[in-house]
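A short worksheet on the structure shown next.
The shown structure was predicted, so the numbers you read here are calculated from the model rather than taken from an experiment. In the text below, chain A, chain B and the rest are named by the order of the sequence lines, each starting its count at 1. Side chains included, hydrogens not; waters and symmetry mates left out as well; all remaining heavy atoms used.
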Amino acid sequence: EAQVTQNPRYLITVTGKKLTVTCSQNMNHEYMSWYRQDPGLGLRQIYYSMNVEVTDKGDVPEGYKVSRKEKRNFPLILESPSPNQTSLYFCASSLYPGGAQVNEQYFGPGTRLTVT
Amino acid sequence: SQKIEQNSEALNIQEGKTATLTCNYTNYSPAYLQWYRQDPGRGPVFLLLIRENEKEKRKERLKVTFDTTLKQSLFHITASQPADSATYLCALTNTGNQFYFGTGTSLTVIP
């Protein structure tokens with residue numbers, strides 16, 4: 001089944017304790033992206049990657065890191081989480097999101113993170 | 001900075017009627033506009049995409065229009081059903097790298 005998986009689905013942690021949220025897709029997609037969703041603010045893009053070893057900042061990259069060492073995986077790293085990073089996080093992938101062959105994004109199920 | 005507004009947070013309509021959702025944007029010239037559906041506790045699911053040079057797109061009971069002069073997209077669901085109840089998001093992109101989403105409109109179809 002074609003899908004984007006995220007782990008963990010739920011996470012409660014404390015301020016300053018480094019954490020990683022994993023994201024994996026099995027569709028051989030070039031493009032992957034991370035979003036956070038907050039009430040009243042909608043989905044905001046954190047980072048995106050056009051291909052292996054190519055990553056770029058989205059709208060709200062502060063406090064986050066990403067890496068793209070393999071095509072299928074795109075982990076999100078919070079090296080020193082703070083309470084304002086409490087949010088619902090979504091990973092997404094797309095075959096090719098722009099140009100003449102625009103495609104839709106496939107989203108994972110989400111990771112609900114609480115930082116106390 | 002870009003601003004994307006979707007019409008009233010919640011929209012309630014009777015089953016069988018046409019639902020019309022609005023996506024307005026400022027300070028941006030998107031090349032593509034997408035609509036997604038999001039159910040509670042789940043990730044968004046793609047519905048339709050329209051390009052800046054297209055006026056209208058249809059898929060079954062769904063129709064999207066894109067007016068680059070008004071900086072507005074309208075999303076219509078005809079013959080609405082209770083199963084159409086969800087939150088609908090519009091997403092804009094220019095290059096296909098960075099995406100900007102609206103806050104969404106919650107639609108409830110009343111039987």
Side-chain angles (χ1 to χ4, degrees), chain A residues 2-7 9-10 21 23 25 27 29-51 54-61 68 87-112, chain B residues 1-10 21-25 27-54 57 59 62 64 66 75 86-106:
Chain A
Q3 61 182 350
V4 177
T5 56
Q6 295 179 227
N7 282 293
R9 294 289 313 280
Y10 303 90
V21 183
C23 173
Q25 49 94 3
M27 295 169 279
H29 284 170
E30 301 281 339
Y31 178 91
M32 297 186 75
S33 183
W34 275 102
Y35 297 87
R36 60 178 290 174
Q37 188 172 36
D38 302 288
L41 296 177
L43 273 165
R44 292 179 293 166
Q45 194 172 34
I46 302 171
Y47 270 95
Y48 62 91
S49 169
M50 294 298 289
N51 211 328
V54 180
T55 63
D56 274 299
K57 296 177 181 179
D59 225 19
V60 289
R68 187 93 181 271
S87 186
L88 179 58
Y89 291 86
F90 288 102
C91 180
S93 72
S94 178
L95 180 60
Y96 188 81
Q101 297 178 340
V102 167
N103 289 276
E104 68 270 30
Q105 292 186 78
Y106 292 81
F107 283 81
T111 295
R112 188 165 292 280
Chain B
S1 63
Q2 305 81 6
K3 186 175 181 182
I4 304 166
E5 289 184 337
Q6 294 191 239
N7 64 324
S8 60
E9 267 193 38
L21 285 65
T22 305
C23 177
N24 293 299
Y25 58 92
N27 300 328
Y28 198 55
S29 296
Y32 313 97
L33 192 147
Q34 300 174 332
W35 283 89
Y36 289 80
R37 168 185 173 138
Q38 186 175 24
D39 291 289
R42 310 194 77 164
V45 174
F46 172 79
L47 297 173
L48 278 172
L49 176 148
I50 188 165
R51 293 174 173 78
E52 62 178 338
N53 61 352
E54 297 175 320
K57 247 335 188 9
K59 179 182 176 182
L62 309 180
V64 174
F66 194 8
F75 178 77
T87 295
Y88 292 85
L89 311 171
C90 65
L92 284 60
T93 184
N94 198 354
T95 61
N97 298 341
Q98 287 192 274
F99 286 81
Y100 301 96
F101 279 79
T103 53
T105 297
S106 175

Contact winner vs chain A - G41(B), G102(B), P44(B), heavy-atom pairs under 4.5 Å: P44(B)
field: For K57(A) against Q98(B), the heavy-atom pair lying closest together
entry: O-NE2, 3.7 Å
- prompt: Any idea which heavy atoms bring F90(A) and R42(B) closest together, and the distance?
  reply: CZ-O, 3.6 Å
field: Per-residue contact mode, L43(A) against chain B (heavy atom under 4.5 angstrom)
entry: both
field: Contacting region of L89(B) [heavy-atom separation from chain A under 4.5 Å]
entry: side chain
task: Find the distance between CD (Q45(A)) and OG1 (T93(B)) and round it off to the nearest 0.5 Å.
output: 8.0 Å
message: Within this structure, what is the OG-CZ distance for the pair S94(A) and F46(B), rounded to the nearest 0.5 Å?
response: 9.5 Å
task: Please flag which part of Y35(A) lies under 4.5 Å from any non-hydrogen atom of chain B: side chain, backbone, both or neither.
output: side chain
- prompt: Which region of Q6(A), side chain (C-beta onward) or backbone (N, CA, C, O), has a non-hydrogen atom less than 4.5 Å from a non-hydrogen atom of chain B, or is it both or neither?
  reply: neither
field: Distance, nearest 0.5 Å, that separates OG1 of T103(B) from CZ of R44(A)
entry: 12.0 Å
- request: Over all heavy atoms of both residues, which pair between Q105(A) and Y36(B) is shortest? Give the atoms and the distance, please.
  value: N-OH, 3.1 Å
- line: Shortest non-hydrogen pair, Y48(A) vs N97(B), comes out as CE1-CB, 3.4 Å
